[in-house]
Amino acid sequence: MTRDTPLETDGGDPRADGSGTAVADSAAQTDSSDESLLDSSFDVEDRSHASEDTDAIVEARDIDVYYGDEQALQSVDVAIPEKRVTAMIGPSGCGKSTFLRSINRMNDLIDAARVEGELLFDGKNVYDDDVDPVALRRKIGMVFQSPNPFPKSIYDNVAYGLEVQGKTDDVDEKVHRALERAALLDEVEDQLDESGLELSGGQQQRLCIARAIAPDPEVLLMDEPASALDPVATSKVEDLIEELAEDYTVVIVTHNMQQAARISDKTAVFLTGGELVEFDDTAKIFENPESQRVEDYITGKFG
Amino acid sequence: MATTDESTGSWFGADGQVSQVRGLLFKLSCLGATLLALGLVLVFLLYVFNDAVQPLTADTGWLLTFVVTLVLPAVAVGVYYYTRDTRAGEVAYTALGLPVATTLLAGGVVITFEHIVSPHAWFALALSATVAFGLVELHARTRTAGALERLAVVVLVPLLALVGVPGIAVDFPVETPLLGQELFRLSFAIPELVPSLREVILALPVLPTAAISLLLTFTLPIAAAAAWHVRRVRESDRDGAIAGGATIVAAGLGLVAAPLVDLSATTWVVLATVVALPVGLYVESVVRRDVGVSGLAFPVVVAAGALIGAFLVDALGFAGPDLWLDWDFLTSPASTTPRDAGIYPALVGSVMMLVVVAVAAFPVGVGAAVYLEEYAPNDGLLGSIVDLIEINIANLAGVPSVVYGVLGLTLFVRTAGMQSGIVMVGGLTIGLLILPIVIVSAQEAIRGVPDSLRQASYGMGATKWQTVRNVVLPRALPGIMTGTILAFGRAIGETAPLLMIGAAAVVRIPPDTFFSLFSAMPRQIFAWSKEIETEFRYGVLAAGVVTLLIVMLMMNASAILVRNKYQRQN
Ligand SMILES: Nc1ncnc2c1ncn2[C@@H]1O[C@H](COP(=O)(O)OP(=O)(O)O)[C@@H](O)[C@H]1O
Ligand SMILES: [Mg+2]
């Protein structure tokens with residue numbers, strides 16, 4: 001990922017890992033044209049509805065996450081607005097995935113992980129004793145970094161959430177609708193009985209998105225959903241995310257700053273050490289960030 | 001680096017500066033070890049096979065006839081496939097192997113229906129299981145019930161259908177712990193309250209004949225599966241219906257036609273279902289793919305050659321070889337005269353024992369593996385204890401089989417009070433022996449399920465149980481099956497535990513229940529090895545060994561088939 005021609009780099013970076021160092025490497029080149037870059041290189045879309053603020057549906061209050069003795073997140077405070085796209089950016093290992101997993105309590109599955117603080121979903125702390133993480137995950141869907149369809153038919157993949165959640169009415173219709181919303185129906189309409197593993201990588205990821213939205217969750221968490229995809233597939237997934245934001249709250253982790261700028265309404269910037277440095281409207285973050293460190297990170301002068 | 005060798009000025013190694021000698025020696029010794037191992041096994045197999053079949057006792061004319069009618073044409077066709085059409089060669093290989101393997105399998109099924117579950121018992125079992133399953137499904141479809149009610153229905157309905165409410169008889173002395181003085185005796189008996197649906201069906205005044213029972217409850221489901229398969233691969237409802245219908249007609253024909261060819265109607269039904277159907281499906285798949293169709297000629301050439309050869313030697317009066325391993329050997333009981341001796345009761349004993357082994361070891365082994373992999377704690381004190389247990393299970397797999405024999409004797413005969421030498425004790429003991437192998441291989445298969453799939457499932461709001469049932473187990477099943485079948489292959493050859501638990505050396509009638517005295521093939525072979533007459537120790541013994549090896553080979557082959565099918569899917 002080179003920072004000097006950001007506008008032309010349309011697709012995502014297929015190599016997700018190590019982009020933090022790539023950014024650092026290219027910092028020298030962008031040094032001279034610092035100011036202009038900040039103004040022109042990010043194509044922040046004017047998302048008209050973004051200006052009207054909606055209520056927060058997910059609210060993190062002073063969240064700390066530890067893996068054993070190591071602290072991965074340090075007192076994070078975020079209020080994620082309903083039916084908007086919120087992007088999480090930051091260098092590798094700064095805790096973006098960890099934060100995402102603490103929203104739907106997937107961290108519970110990691111023995112070493114420990115979460116402290118309050119995380120409110122619809123006003124209820126999800127770490128309260130009376131919250132069943134399974135019930136929580138039925139409200140909050142998740143799409144992972146690499147496509148992970150089940151070794152089942154395409155149909156069964158999409159119907160899986162409906163089945164495990166006991167939503168057995170109109171399964172056919174819901175499966176078709178989810179595939180349609182995920183912009184996959186046309187491509188797989190007559191091979192619904194075939195294995196989901198036979199699809200291409202980009203199709204698999206859209207299948208995973210269809211699977212996640214079929215049970216109609218309220219929030220959709222996406223952890224670098226396009227990082228393993230080629231540029232064409234990436235732009236399809238991006239279009240899809242913008243569509244989805246009409247009905248769902250989308251929280252997306254990405255390494256790709258153009259992507260964040262293009263599709264999100266709000267952006268949270270994490271920096272090394274698990275610190276949430278800045279959280280604001282995407283336009284603000286990319287055009288006029290408050291923190292010098294965020295500006296350095298966004299312009300590639302990472303430090 | 002680009003520094004040239006100063007003494008010669010050449011870098012390309014022709015002057016021997018790069019020594020290959022040690023590498024060459026190493027390679028040759030590895031090759032030698034391979035050849036030695038393979039050679040020894042091959043020589044042994046040929047030796048036993050020669051003893052069992054004695055090809056050289058045949059008339060020269062007999063041998064020549066078969067060389068001309070069978071061997072030469074088969075070799076010629078084989079060479080053609082090899083040089084011209086390798087895909088047809090693959091087809092030929094399967095097309096010949098499939099009927100042979102399925103016929104052996106059919107033999108196993110016939111034995112099962114003859115000795116283990118009678119066709120009527122099977123009929124009642126299958127029918128009541130279907131009814132139970134239907135009721136459970138109906139309940140799930142029509143009522144949105146809570147988990148507890150679901151559980152009650154899922155447990156009680158099958159129980160009532162298959163077992164009923166059994167009578168209970170308790171006769172238990174309550175004693176003081178140390179001195180063993182009897183305080184009082186707990187003794188009561190409740191007669192059977194509700195007979196199961198299965199028993200009700202069995203007690204009906206009119207039941208279909210054995211052959212019709214099998215047709216309805218054995219052939220019908222398999223034909224339905226075949227129809228479904230054909231419908232899917234050919235994408236045609238009509239073809240699926242034809243496949244299913246043809247299977248039932250072919251099997252049903254046996255009701256009238258079986259006596260004409262001197263078979264029992266049940267045997268015909270089994271043969272049609274277990275042999276004709278798979279062969280038909282295979283032929284269909286080859287023709288449909290239209291690759292190597294000429295390979296289908298191979299089994300025809302072989303069969304025709306065998307028939308013509310048999311006809312010719314009969315007409316010309318040549319005597320065949322003096323077989324030890326022949327149909328009579330497989331179907332007659334033990335005898336004191338080598339010529340009459342057979343392995344049938346031991347064969348049935350082995351199969352019945354294997355049923356006990358499978359029913360006992362498979363669920364327990366897989367259950368333990370699922371617990372250890374999916375549920376057991378990983379860290380802290382409990383985690384260390386679990387680690388310790390896992391290490392010990394792996395160690396148990398290496399414990400000598402004699403020790404398991406002693407364990408079985410103590411556990412099942414001395415402690416549980418079962419009679420020694422019965423099928424149940426043998427099966428449980430050997431089940432114990434292969435249990436660690438089943439656990440370890442199932443654990444391996446479960447560990448092979450990528451974590452991303454579990455994450456995906458949990459992320460969809462699935463519970464642990466739903467994840468294990470819908471994602472982990474289906475994905476791990478082929479691996480579990482492969483490991484388990486290989487373990488069964490080991491189980492069927494075990495001898496020492498059978499000696500320890502007192503399996504009979506010689507039985508004349510096959511066991512008719514799981515609580516009858518029995519002998520198994522390895523036990524029988526061991527008995528023959530100690531007979532005084534040399535014919536027992538060479539001919540009969542060799543025939544027994546070859547039979548055992550063929551059964552094992554089939555089990556291993558099916559394990560390999562399962563594995564290959566699974567690997568192709570990934
Ligand atoms: N399962 C885990 N066990 C222990 N440490 C972890 C685990 N997952 C992540 N970490 C640590 O937590 C930190 C944040 O990781 P992560 O949330 O994956 O970062 P990001 O997604 O931003 O790249 C890293 O230092 C990483 O090493
Ligand atoms: Mg990450």
Side-chain angles (χ1 to χ4, degrees), chain A residues 68 97 100-101 103-112 132-153 156-169 190 193-198 204 207-208 211-215 217 220-223, chain B residues 137 139-147 149-150 228-229 231-235 374-384 386 445 448-479 565-570:
Chain A
S97 302
L100 212 59
R101 282 199 303 265
I103 297 178
N104 65 345
R105 288 186 64 173
M106 289 292 275
N107 280 331
D108 289 17
L109 304 174
I110 302 171
D111 287 322
D132 184 347
V134 171
L136 175 71
R137 291 180 203 132
R138 292 179 179 187
K139 298 258 172 202
I140 303 182
M142 189 162 197
V143 176
F144 297 81
Q145 180 165 0
S146 47
N148 52 359
F150 299 121
K152 301 171 183 282
S153 72
D156 288 346
N157 260 290
V158 182
Y160 185 81
L162 300 170
E163 190 197 322
V164 298
Q165 301 184 14
K167 298 177 176 168
T168 46
D169 306 333
D190 41 38
D193 284 343
E194 278 163 42
S195 167
L197 297 175
E198 277 161 30
Q204 286 190 5
L207 177 63
C208 292
R211 181 176 70 185
I213 59 180
L220 198 56
L221 308 179
M222 303 180 129
D223 193 350
Chain B
E137 269 299 290
H139 176 262
R141 293 267 165 89
T142 51
R143 265 185 69 88
T144 42
E149 185 186 323
R150 276 287 290 157
W228 182 80
H229 168 80
R231 190 184 80 93
R232 208 173 56 104
V233 295
R234 295 189 74 101
E235 289 171 357
E374 297 290 324
Y375 293 94
N378 297 324
D379 49 18
L381 182 65
L382 283 177
S384 322
V386 171
V449 178
D451 217 33
S452 65
L453 293 182
R454 292 188 185 87
Q455 301 260 341
S457 176
Y458 290 127
M460 300 298 307
T463 60
K464 184 139 206 161
W465 147 246
Q466 286 170 328
T467 304
V468 169
R469 194 191 62 164
N470 295 324
V471 176
V472 177
L473 279 184
R475 173 67 201 253
L477 200 61
K565 191 167 163 54
Y566 159 71
Q567 275 171 349
R568 233 178 298 145
Q569 279 173 356
N570 288 279

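Letters A, B, ... mirror the listed sequences (proteins, then strands); counts begin at 1. On a predicted model such as this, the values are computed, not experimentally measured, just so you know.
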*May I have the step-by-step check of side chain to side chain contact (heavy atoms under 4.5 Å, CB included) for B/Y375 and B/V468, ending in yes or no?*
CA-CA 10 Å; B/Y375 293 94; B/V468 169; 3.9 Å; yes
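- Proximity to chain B (any heavy atom under 4.5 Å) is restricted, for A/P149, to the backbone atoms N, CA, C and O.
- A 6.0 Å sphere centred on CG of A/D193 holds no more than 12 heavy atoms belonging to other residues, nucleotides or ligands.
- Ranking A/D111, A/L136, A/T168, A/N104 against chain B, the residue ahead of the rest is A/D111, based on heavy-atom pairs under 4.5 Å.
- Highest contact tally toward chain A, considering only B/T463, B/N470, B/N378, is held by B/N470 [criterion: heavy-atom pairs under 4.5 Å].
- If you measure heavy-atom distances from A/F150 to chain B, the contacts under 4.5 Å come from both the backbone and the side chain.
- Remark: side-chain polar atoms of A/Q204 are paired, donor with acceptor, to backbone N or O of A/L197 under 3.5 angstrom.
- Of the listed residues (A/K152, A/R101, A/E198), the one with the most heavy-atom contacts under 4.5 Å to chain B is A/K152.
- A/G196 approaches A/L207 most closely through the heavy-atom pair CA-CD2, 4.0 Å.
- Of the two parts of B/R141, neither the backbone nor the side chain holds a non-hydrogen atom closer than 4.5 Å to a non-hydrogen atom of chain A.
- Within the 3.5 Å criterion, the main-chain N or O of A/A214 finds no donor-acceptor partner in the side chain of A/K167.
- Surrounding NZ of B/K464 are more than 12 heavy atoms belonging to other residues, nucleotides or ligands, all under 6.0 Å away.
- If you measure heavy-atom distances from A/L221 to chain B, you find no contacts under 4.5 Å at all.
- Ranked by non-hydrogen atom pairs under 4.5 Å with chain A, the options B/P474, B/P377, B/A456, B/G380 are led by B/A456.
- Put simply, the side chain of B/Q455 never gets that close to the backbone of B/P450: no donor and acceptor are under 3.5 Å apart.
- For A/R211, the parts lying near chain B are the backbone and the side chain together; criterion is any non-hydrogen pair under 4.5 Å.
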